[in-house]
Amino acid sequence: MRTLAACVLALLPLMSFASAENMPATSLNLMPWPQKIQMGSGQLLIANPFSVALTGYTEVRLDHAVARMVGNLSRQTGIPLQTLTAQAANATLVIHVDHASDAVQKLGEDESYQLTVTPNQVKLNAPNPLGIIRGLQTFLQLVQNTPQGFAAPAVQIDDSPRFPWRGLMLDVCRHWQPIDVVYRTLDGMEAVKMNVFHWHLSENQGFRIESKKFPKLQGMGSDGNYYTQAQVKEVIEYARDRGIRVVPEFDMPGHTTAWFVGYPELASAPGPYSIERGWGVFDPAMDPTREETYKFLEEFIHEMAGVFPDQFFHIGGDEVNGKQWNANQKIQAFMKAHNIKSNDELQAYFNKRVEGIVEKNHKTMIGWDEILNPDLPKSIVIQSWRGQKSLAAAAQQGYRGLLSSGYYLDLMQTAAQHYAVDPLTGPSANLTPEQTQRILGGEACMWTEWVSPENVDNRIWPRNVAIAERLWSPADVHDVNSMYRRMYAVSDELAWLGLKHQSNPWKMLERLSAAQEVPSVKILADAVEPVKGYERERTQKYTQFTPLNRLIDSTYPESQVGHTLTLLTDTVITGQASAADKAQIRSIFTAWRDNDARLQPVLQNSFLLNDVAPVSRDLSTLGATGLQALDYLDSGSPSPDSWRAQQSAFLDQAAQHRGEVVLVGVAPIRKLVDATAQARNASGVSK
Ligand code: ACM
C-alpha cells in the first residue's frame, strides 16, 4: 500500500499537466486550445522594456510577427512597450528558429512550437517561422489583467495542429467585399491559427479580379468592384507574413454569368448576358464541347496561376443544373458522338480537360464535391459541402478531402453546432488509417447573399473561432461550456485587434433608430437572432441592391444573452442556481420586461424598425412571464394549470419569426414555465 501511495504521490506533479481530457484546469482563455499544456508556478509580469532576442534562423517575417505581437500587447495593456533586441540571456522573450520555411507556404508544413513562460523569461522555439507566428498568438492570449498587473502565467506549452488545412472561404462576389475586409479577416485568422484563405473570386453576380488577358471579365462583369493584380499580390504577401496560404477559386462551368457579360461565346446559350442580381442556382454554364472554351481557359488559368503562388487552384464545379446543355443541339450532338450519357458525365469530361490545364501550370486542382469522379487523377482535392458522406467517399476512393459541410457560417447556426462537426466523425469514423490521412481538415464558408462589408465581421466572428479550434485542437477538446467562455473572451480580443463584429452592429443600430433610445434597441437586438438556414430566401425577394440595413443584419447569428439564459435556466431548474445566478436571470428578465415602454414609440415611427414592433412587445411579455415563473419556483408551490396554458399559448405565438428575427428567450422560458408545474422544496429542487 505504502509503495502504491508513494507512486501516486510521485505522479502528482505530473497531474497538473492539463491534457486535452481534463482541460481547462485553469481559467486560461486560450483558443484554439493547445495540444499539451502544463501549468507552472508564478507569472511573468508585462513591463517595459519588453526585450526580444531572435536566435537561430532569422528573417524579416519574424521581425514583423514580433512587432505585431508587441504592438497588440502594448495596446491591450496600455504599457508603452519598447522592443529592444537583446542578448538571449537577459531578454524577456527569447525566440529560437531552426530553419527557414518554404518560400511558398506548403500544405502540411510544420507549424509546431514550444512555449515556456517562467516568472523571468519567455522562450518560444519552433522548427521554422510558422511555429513562431502561431506561438506568439498563444502568448498574447496568455496575458491577463491580474491584481499585480498584466501578466502571463508560468506555463509550458507544446503545440501543433491536428489538421494541416484550416481554412476560411470568403465569397466576395454576391456582395462585393473591399480589400480592407480581406485584410482584417486575415488578421482574425492569424489570431486563431487558421492557415488557408480561400478567395471565392467569380460568380454569377460578379467577377472580382483583374485579368489583363481578358479585361472584359472585370470590365463588364464587376460594376467596377474588383481587385487589381497589384492589390492581390499585396494581400498574398500580407497573408504569408501571417502564415496563411491564399487559394483562389474560379467557379466553373456553372456560377459563371458574370464571365459571359464580356465573353458570351463561352456560354452554352446565346447572350447577351448581364450580371445576375438575385440569389439561387442559375442556368448559364460554360460550353464544355467547344475547343475555344479550353483555349480561353488555358490562357486565363495560366495568367491566374502566375498571380497566385499557392500549390492549389480551386475550380468550383458546384451546382450545374444542366438546363443550357439540355437545350443546346450542338452539345447534345457532341454528347452522342462521344458516348457521354449524362450531364454529370459531361461535367466530368469538362473537369478532366480543366484538370489537365491546371496540372500543366504545376498546380493541384481542388473543387466542390460535385467534381468527385473516378476519371480524375488521385492528386485532386475534394471539398465536401453537401454532407459529410462525400468526404468519406473521396477518401475511400483515394482522394484527399476537406470538410465544409457543417461549417457554413451563412446558415446562422450556433457555435456549438459548428463545434460538434468533426472531419473525422460520422461517415469518416470508420476509415482506415491510410484513408484518414487523406482528410486534410476543413474550411468555414462565408457566402455573402445576405452579407455586406458592414456586417461580414459579425457573420464570421466569433463563431469562426469555434471552427478554428475544431480544426487545430485535439479531438477530445470538446467541452462546450469551456468553448463558449473562451470564444467570448477571444471575441473581445479580436475586436481590440480591429475586427468590426462588435463596433459595426452598434453603428447599425444607431442608424436604424436614428440614434433614438439606442440602448433599448440594443436590448432588443441582443435578444433576437436571424432566421436560420435558407429561410431568408422565402421571407422576401432580395437582390444585390437590397440594403442589408435591418435589425436582422445587425444582430449576431447567435445571441450571447440567449446562451447565458439557457445556462442560467438549467441551473435554476436543477436547483443549482447561486444567488448571483438568480440575480442575473432576474436582471435579464426585468430589462426585457421594461424595454418596450421606451422603445415602442421609436419603433412605431421608424420605417426601418416597425416590422419588429410586435417582437419588442413580445419581448416584454417574455420578461414578465420569466419573472412570474421564477416567483412560482421560489414560492415552492406549483403554478395553476390555467396560467401555464395561457403562457404556453403565448410562447407558441412568440416563437414565430417576424421581421426575419426570432426571440431567443422562448425556449428557456418555456422550460421555466413547465418547471412551475411541480412543487419544490426550500432549496429549489422539485419534490
Ligand atoms: C456551394 O455551396 N454551392 C459550394
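Heavy-atom basis, side chains included; hydrogens, waters and symmetry copies ignored. All residue numbers refer to positions in the sequence shown, counting from 1.
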* According to the interplanar angle, ranging from 0 to 90°, do the rings of Phe296 and Trp259 count as parallel (below 30°), tilted (30 to 60°) or perpendicular (above 60°)? -> tilted

* Asked: Does Asp223 come within less than 4.0 Å of Arg208, counting only side-chain N to carboxylate O?
  -> no

* **Pairing of Glu535 and Arg538 as salt bridge, 4.0 angstrom limit** => yes

* **Residues forming a salt bridge (charged side-chain N to carboxylate O under 4.0 Å, His left out) with Arg166, sequence neighbours excluded** => Glu111

* Sub-6.0 Å ring centroid separation between Trp450 and His175 -> no

* Asked: Under the side-chain contact (heavy atoms from CB on, under 4.5 Å) criterion, do Ile315 and Phe250 qualify, and how do the steps go?
  -> CA-CA 5 Å; Ile315 62 110; Phe250 297 99; over 6 Å; no

* Asked: Does one side chain, of Asn373 or Asn351, offer a donor that lies under 3.5 Å from an acceptor on the other?
  -> no

* Asked: Between the main-chain N or O of Pro32 and the side-chain N or O of Ser473, is there a donor-acceptor pair closer than 3.5 Å?
  -> no

* Salt bridge check: are Glu298 and Lys360 linked by an N-O gap of less than 4.0 Å? -> yes

* **Plane angle bin for Tyr294 and Tyr349 - parallel if under 30°, tilted between 30 and 60°, otherwise perpendicular** => perpendicular

* Asked: Cut-off 3.5 Å, side chains only: do Tyr273 and Asn204 have a donor facing an acceptor?
  -> no

* Asked: Does the pair Phe350 and Ile371 meet the rule for a side-chain contact (heavy atoms from CB on, under 4.5 Å), with working shown?
  -> CA-CA 10 Å; Phe350 173 82; Ile371 74 163; over 6 Å; no

* Got a sec: does the NZ of Lys389 have more than 12 other heavy atoms crowding it under 6.0 Å? -> no

* To do: Name all residues meeting the side chain to side chain contact (heavy atoms under 4.5 Å, CB included) criterion together with Lys541; count only those two or more places apart in sequence or in a different chain, and write none if there are none.
  => none

* To do: Determine yes or no for a side-chain-to-main-chain donor-acceptor pair under 3.5 angstrom, with Asp171 supplying the side chain and Thr448 the backbone.
  => yes

* Look at the side chain of Arg463 and the backbone N and O of Leu409, then say whether any donor-acceptor pair between them is shorter than 3.5 Å. => yes

* Would you say the side-chain atoms of Asn464 pair up with the backbone N or O of Leu168, donor to acceptor, closer than 3.5 Å? -> no

* Asked: With sequence neighbours left out, what residues match Glu319 under side chain to side chain contact (heavy atoms under 4.5 Å, CB included)?
  -> His255, Val281, Glu370, Trp385

* To do: Give, for atom CD of Glu59 and atom CG of Asn128, the distance between the pair rounded to the nearest 0.5 Å.
  => 8.5 Å

* Asked: Any luck finding a side-chain donor-acceptor pair between Glu276 and Gln544 under 3.5 Å?
  -> no

* With sequence neighbours excluded, what pairs up with Glu359 under the side chain to side chain contact (heavy atoms under 4.5 Å, CB included) test? -> Glu355, Pro377

* **Donor + acceptor pair across side chains of Ser160, Arg134 (<3.5 Å)** => no

* To do: Kindly state whether the ring of His200 and the ring of Trp447 have centres lying under 6.0 angstrom apart.
  => yes

* Take atom CD in Glu434; do more than 12 heavy atoms of anything else shown fall under 6.0 Å from it? -> no

* Asked: Parallel, tilted or perpendicular: which describes the rings of Phe300 and Phe214, with under 30° parallel and over 60° perpendicular?
  -> tilted

* List the steps and the verdict of side-chain hydrogen bond (donor to acceptor under 3.5 Å, both in side chains) for Asp457 and Asn504. => CA-CA 8 Å; Asp457 300 70; Asn504 274 358; 4.7 Å; no

* Pair Arg536 + Glu660: basic N to acidic O under 4.0 Å -> yes

* Between Gln105 and Arg245: side-chain donor-acceptor atoms closer than 3.5 Å -> no

* Structure fact -> dist Asp102:CG -> Arg240:CZ (nearest 0.5 Å) comes out at 9.0 Å

* Below 4.0 angstrom, N of the basic side chain to O of the carboxylate: do Asp369 and Arg386 qualify? -> yes

* Check the pair Ser384, Ser390 against side-chain hydrogen bond (donor to acceptor under 3.5 Å, both in side chains), reporting the backbone distance first and the verdict last. => CA-CA 6 Å; Ser384 173; Ser390 58; 2.8 Å; yes

* Structure fact -> So the salt bridge (Lys or Arg N to Asp or Glu O under 4.0 Å) pairs with at least one residue in residues 446-456 (sequence neighbours excluded) are Arg174-Glu449, Glu454-Lys507, Glu454-Arg511

* Would you say the side-chain atoms of Glu469 and Tyr419 include a donor-acceptor pair closer than 3.5 Å? -> yes

* Asked: In terms of the angle between their ring planes, are His418 and Tyr407 parallel, tilted or perpendicular, with boundaries placed at 30° and 60°?
  -> tilted

* Sidechain N-carboxylate O distance under 4.0 Å for Glu558, Lys532 -> no

* Does the separation of the ring centres of Trp165 and Phe312 fall below 6.0 angstrom? -> yes

* Compute the centroid of each ring, for Trp461 and then for Tyr556, and state whether the two points are separated by less than 6.0 Å. => no

* Asked: What pairs meet the side-chain hydrogen bond (donor to acceptor under 3.5 Å, both in side chains) rule with one or both residues in residues 394-405, with sequence neighbours excluded?
  -> Gln383-Ser404

* To do: Decide whether Ser342 and Asp344 meet the rule of one side-chain donor and one side-chain acceptor closer than 3.5 Å.
  => no

